[in-house]
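Worksheet: the structure to be examined is printed underneath.
Quantities reported herein were computed from a predicted structural model and do not represent experimental measurements.
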Amino acid sequence: MDLTSKLQSNNPIFDNYLSCLPTNLTHRDMLTKYEKIPTYIYSESIEASIVVAAEIAELIREKQRKGQNFVIGLSTGSTQIRIYAELVRHHKEEGLSFKNVITFSLDEYYPMSSHSLKSYHQYIKTHLLNHIDILPQNIHIPDGTIILETVHDYCRDYEKKIADVGGIDMMLLGIGRTGHIGFNEPGSGRNTRTRIITLDPVTRQEDANQFQGFGNVPRRAITMGIDTILNGNTREIAGGDPFRVITGDFVTTEDGTGIVHTAPAFGADDYKVGKKHDIGILIMVDRQGKFTDYMGDLSGRYVKNYKDDPDYKDVDVEIAVGLKLKGQAFKIEKYEHNYPHCWRTDKPIIYYPLDAWFIRTTAVKDRMVELNKTINWKPKATGEGRFGNWLSNLVDWNLSRSRYWGTPLPVWATEDGSELKCIGSIAELMSEAHKANKVLGINQLLEGSLDLHKPYVDQIILVSDSGLPMQREPDLIDVWFDSGAMPYAQMHYPFENKNLFPEPVTSSSPLTNNIKHYGGAFPADFIAEGVDQTRGWFYTLHALGVMLFDSVAYKTVVSNGLVLDKNGNKMSKRHGNVIDPFLTIEKYSADATRWYLITNASPWDSLKFDLEGIKEVQRKYFGTLYNTYQFFALYANVDNFSFEESYIPVIERPEIDRWILSSLHTLIKNVTLQMEDYEPTAAGRAIEVFLDEQLSNWYVRLCRRRFWKGEYEHDKICAYQTLYECLETITLLMAPIAPFFADWMFQNLNGVTKRDTQTSVHLANYPEADESFIDEELEERMQLAQGISSLVLSIRKKVNIKVRQPLQKILIPVMDVHTRTQIEKIEDLIKSEVNIKDIEYLTETEGFIKKKLKPNFKTLGARMGAKMKSVAAAINQLNQAQISILEKDKAFGLQIGEEIIEISIEDVEIIAEDIPGWSVANKDNLTVALDITISPVLLEEGNARELVNRIQNIRKDNDYKVTDRIIVEIEEHQSINDSVRNYNDYICKEILADIISLVPSLSEGTDIEVNDETLKIFIKKTS
RNA sequence: GGUUCCUUAGCUCAAUGGAAGAGCAUUCGGUUGAUAAUCGAAAGACACAGGAUCGAUACCUGUAGGAACAGCCA
């Protein structure tokens, strides 16, 4: 091979090399881009490195003579390291200067573990250039050792690097003996190339073959033989052929080279891969955690210092030192590795291979997957994803535990294990024990002293069919088995209540598919537990249900999320962020806590728990509810309302009552729907909204006067009955979420009226929605009233006119008759709510109202497709005249480029955007204009109301009772004289004054301000 | 590393393949007849990057951050 020739892209070796590289690897980009640069290509070997280094040294000298730098682009790797080493040798022996050699790497090389690029360069400097003697000649690398080199395309900034060094003079490119293996790791987003370089000339062909067709396999495992450390014939002890390279799909190159050590005895993955490749099992640690006999000097030593021995010498260090002394260590370093620790003592734990009993759950795996699909999972994803995936990757259930406390395995075995008996009941055990007594001639006394726990049960000896003694298998049953057996154990099945369960699956009729209802005991309608139980309780219940009855064990399961602290961290005693539930309940009540937990987030979402949230619930929900109830109770007591009058048909009640009852039944419908769908959060929120926005903030507020004014007759009784029904229904609806408050309120209400025969809310029936109460049009127009009021209030706010100041009128543009009739029915309500005299409607008002079109994306989008954008823009740009044409013709031809596109009136929403000269507000398709001129008449009335307000405040300051009569004297003042005269009756009525008089001047009294004027006013009780 | 979930206003949460909505907090204002209460208004947000789509906060992929699981704990 011509080592110094300039490589062209038509060079077959170069092409071949390129074709090995993934297309999107930077390395390849670079080679393609800089193909004009002289490139050395060489087979990776010690010989090549010597030859290449000699040639480079010559080139360097040449440049050196001209006083130039020489830049080599290096794909860093082990051969390149040898080239460095050679150059260093030239430097030492022939005085070659290195000052003007600049190196950089195109990719990253990991000598046995991860290094950043920077630390790699450091590594080269310190280990190779300064201590060149460790490589390559002096290190002893045992036969069979493999160094694996991985390349990541981290080096995205190679362009910059090249610019920094002022271009490259030469590139060095090594081709490993076993070639390059390029692949894209699916889903990793990172392109990785792995090259295997063997330093062992006799690497077994079959090991290399492992990597053939490796293209799509993302990961690999490699065992490294270090049998020299062991005493004795380890191949024999292992019972396999352990010292070679095998592949496994669970090792990645993310944090290292992809070379890992494997120990089939100490990990499930390792075991599987070891078994597949028949490398046997070596157990070098005994059950005390000490090295076994054939570990030479290490025998008898603890693997880890889990006894807190102050004199403990770390065996890891000794092993490392030992390897180093023998010249077998390529590099030794410490790195972090996660492995389990005891949850109580924090001592290290090692996995250990033990004999165990298993349930062959894999035999019913498919059926479990299938039946799982019939379970209603909340949320769905947990059932399909987490649980479903887990079931499809199911392994056999390791049933036995080498513990002391628990349920003993009911299995007896002969000494050689060839005969087994599994006992199904105490009776069977007794009878078998008596049989053993007879056959074996022993005298076990069980009556009266039978204890089924360890160690007593272990003393019972049974006899096999062939007459041999049998001992109990010493292990216990996994406690999770107990939890999964709950449905049967709680009914003492099969000894009792057999009729509550289906026919069990038997060996003769393995799967019966008999999912039915059996006396209500099985399967469960609903269970709930933390999502962390997916592989615990949820699984064991399911497994036993399927294996015993070919049935699900539960029809619905809610897997709750976790309650985290307010910063989203798991609560843990160690971090001190635990909230004591008992203190919380003590302080904030169980109901507020429950309500907060339920309504704040869906049960399956993890919840950031914050006490502030509970306070808010207390204030917002329970405070409002309590106040509403208090309000009701106050007047109901005054009027002795006890629901003894006959129920007034809804049709005979005022509109506002019909409205709140309609909303109430809509609420019942929604809550029931949500509850049945296992969505308590949505249910609770619906109750909140009803209470706040409809009952308290609208119904009660608007109806206050009805409760305290007038005689106890029809209208008042309607109000009482209506509000009572709302409160009663709320207690029933909320009972599952807030059981105590609901019951308290229910009993208070029902205690008086005895409407319900039950004494507790929890015994009463859940409410059922009565469709005849529901009037959607009514609900819609109340919505309109709320919307319009809100808009008027917002205009008042904007122009700074307080609600107390009456205004003449509002204008509402209405585009259709329906809306108009709807609003007309609620005119009075709006007028009093926003303190205006009139409502006027604008219909055909071309030129008066400025309209705006809003394209209806849903209908248009489907039809327009790609033209949607330009159509929407065109619609937005239509002028008022064009809009009227559209309104008149119900259609309009839009000019889009060359094309005319027909749109219909249904394709747009028409909004009255503005009414020139008026103060306007709009939201969605509702627009309101307010007449903000304050006429003298209006001002008078406004001032009267101002006065009322001021006087009421003074009454309050003076601690007058609400029934106290007063007389009032006001100092004359230009701005209010007319008000006082013209509204004298009104003011008197409002403030319970017998007389209000204007006087020229007052010597005593209070200063008040009405519309920026200061007045003196004097009030006293008539007594 | 794997599987699954999450990321929307300062905070806690909605909704939606068609111009993002509440509550709390903040600011301003209103209100005797539920004043240890209550109402209104203002301001304020789709973690980031790609992709399919006429159109994405929503669907897909990736990145970042967070959580849970993978105990001979229950």
Side-chain angles (χ1 to χ4, degrees), chain A residues 187-189 219 250-252 254-255 268 340 342-344 349 354 356 379 381-382 384-390 393 398 400-404 406 475-476 478-480 482-483 530-537 561-562 564 566-570 596 599-602 604-608 610 612-613 615-616 619-620 623-624 626-632 634-635 681-682 685 688-689 692 696-697 700-701 704-705 707-709 789-790 793-794 796-798 800 802-804 854-862 864-872 948-949 951-953 955-956 962 990-991:
Chain A
S188 75
R219 304 176 198 104
F250 54 91
V251 182
T252 72
E254 289 291 301
D255 295 320
C342 173
W343 62 281
R344 283 174 59 204
I349 287 170
L354 295 169
T382 303
E384 283 172 1
R386 196 194 276 210
F387 195 62
N389 287 346
W390 191 58
N393 296 317
N398 178 2
S400 59
R401 296 287 183 274
S402 308
R403 301 286 285 184
Y404 202 85
D475 282 345
L476 300 177
D478 178 10
V479 288
W480 284 111
D482 297 357
S483 76
V531 66
D532 52 335
Q533 288 305 330
T534 308
R535 290 161 187 202
W537 195 45
L562 271 88
L564 309 168
K566 65 175 171 183
N567 300 317
N569 298 314
K570 196 180 176 183
Y596 166 72
T599 58
N600 198 51
S602 282
W604 39 89
D605 285 336
S606 54
L607 171 88
K608 288 181 192 164
D610 190 354
E612 288 302 316
K615 286 184 201 161
E616 192 182 318
R619 207 173 49 233
K620 190 92 189 117
T624 305
Y626 181 77
N627 267 302
T628 309
Y629 165 76
Q630 192 78 324
F631 173 83
F632 169 81
L634 179 67
Y635 297 108
T681 307
R685 285 174 179 171
E688 278 178 350
V689 168
D692 183 51
S696 166
N697 185 17
V700 173
R701 203 158 53 78
R704 274 188 299 207
R705 275 172 182 261
F707 289 89
W708 53 262
K709 261 215 152 129
S789 301
S790 166
L793 291 171
S794 93
R796 279 181 170 276
K797 165 75 184 163
K798 214 180 320 177
N800 223 348
K802 47 187 62 174
V803 183
R804 252 192 311 253
K854 191 179 157 192
N856 184 341
F857 285 89
K858 238 172 199 155
T859 61
L860 272 174
M864 298 301 159
K867 289 173 230 152
M868 188 61 222
K869 220 170 202 167
S870 35
V871 169
V948 169
N949 169 257
I951 296 167
Q952 295 288 23
N953 285 343
R955 284 182 61 115
K956 210 162 93 188
V962 289
E990 288 295 315
I991 62 173

Short side-chain to backbone donor-acceptor contact, A:Arg401 and A:Val479, under 3.5 Å: no
Between OH on residue A:Tyr626 and OG1 on residue A:Thr628, distance to nearest 0.5 Å: 11.5 Å
Roughly how many Å is it from CD in A:Glu688 to C1' in B:A22, rounded to a whole number? 11 Å
For B:A56 and B:A19, measure between their C1' atoms and round to the nearest Å. 13 Å
Roughly how far apart, to the nearest Å, are B:A64 and B:A47 at atom C1'? 8 Å
Which is true for A:Lys620 with a 4.0 Å heavy-atom rule: it touches a base, it touches only sugar-phosphate, or it touches nothing? sugar-phosphate
Listing time: all N or O pairs from protein to nucleotides 42-46 of chain B that are below 3.5 Å?
none

Would you tabulate the nitrogen or oxygen pairs shorter than 3.5 Å linking the protein to nucleotides 3-5 of chain B?
unit_1: B:U3; atom_1: O3'; unit_2: A:Asn389; atom_2: ND2; d: 3.0
unit_1: B:U3; atom_1: O2'; unit_2: A:Asn389; atom_2: ND2; d: 3.4
unit_1: B:U4; atom_1: OP1; unit_2: A:Asn389; atom_2: ND2; d: 3.4

Taking the side chain as everything from C-beta on, heavy atoms only, tell me whether A:Asn398 gets closer than 4.5 Å to A:Asp478. no
A:Asp692 has its side chain closest, among B:G40, B:C39, B:C72, to B:C39
Ranking B:G23, B:C72, B:G40 by distance to the side chain of A:Glu616, first place goes to B:G23
With rounding to the closest Å, how many angstrom separate the P atoms on B:A43 and B:A36? 32 Å
Using atom P of each nucleotide, how far apart are B:C6 and B:C73 to the nearest Å? 33 Å
Side-chain N or O of A:Arg401 closer than 4.0 Å to phosphate OP1/OP2 of B:A74: no
Using the C1' atom on both, measure B:U8 against B:C46 and round to a whole Å. 4 Å
When every non-hydrogen atom of A:Gly406 is compared with those of A:Leu476, the smallest separation belongs to N-CD1, 3.7 Å
Say we look at B:G50 and B:A58: how far apart would their P atoms be, to the nearest angstrom? 13 Å
Expected output check: what is the dot-bracket annotation of RNA chain B, where ( ) and [ ] are pairs inside the strand (brackets for crossing ones), | is paired with another strand, and pairs are Watson-Crick or G-U under 3.5 Å? .((((((..((((....[..)))).(((((.......)))))....(((((..]....))))))))))).....
Where do N or O atoms of nucleotides 34-36 of chain B meet protein N or O atoms at under 3.5 Å, pair by pair?
unit_1: B:A34; atom_1: OP2; unit_2: A:Tyr635; atom_2: OH; d: 2.6
unit_1: B:A34; atom_1: O2'; unit_2: A:Asn627; atom_2: OD1; d: 3.3
unit_1: B:A34; atom_1: N6; unit_2: A:Ser696; atom_2: O; d: 3.1
unit_1: B:A34; atom_1: N1; unit_2: A:Ser696; atom_2: OG; d: 3.2

Quick one: on RNA chain B, does A:Ile991 or A:Arg619 contact a more 5' nucleotide (nearest heavy atom)? A:Arg619
Consider the side chain of A:Arg685, meaning its heavy atoms from C-beta on, and name the nucleotide among B:C73, B:A74, B:C13 that approaches it most closely. B:C13
Picking from B:G23, B:G40, B:A74, the nucleotide nearest the side-chain atoms of A:Leu793 would be B:G40
Just checking A:Trp537: base, sugar-phosphate only, or nothing, at a heavy-atom cut-off of under 4.0 Å? nothing
Test your reading of the model: is there a side-chain donor-acceptor pair from A:Arg955 to the backbone of A:Ile951, 3.5 Å cut-off? no
Looking at residues at least two apart in the chain, or sitting in another chain, which of them share a salt bridge (charged side-chain N to carboxylate O under 4.0 Å, His left out) with A:Asp692? A:Lys620
Rounded to whole Å, NZ of A:Lys615 lies from P of B:A25 at a distance of 12 Å
Could you tell me the separation between the OG1 atom of A:Thr624 and the CZ atom of A:Arg619, rounded to the nearest 0.5 Å? 10.0 Å
Separation of the C1' atoms in B:A14 and B:G23, to the nearest angstrom: 11 Å
Which of parallel (below 30°), tilted (30 to 60°) and perpendicular (above 60°) describes A:Phe707 and A:Tyr635? tilted
Once side chain to side chain donor-acceptor pair (under 3.5 Å) is applied, do any residues pair with A:Tyr629, and if so which ones, sequence neighbours excluded? A:Asn748
Using the C1' atom as the point on both nucleotides, what is the distance between B:A9 and B:U61, in whole Å? 29 Å
For the student: nearest non-hydrogen atoms of A:Glu688 and A:Thr599, plus distance: OE2-OG1, 3.6 Å
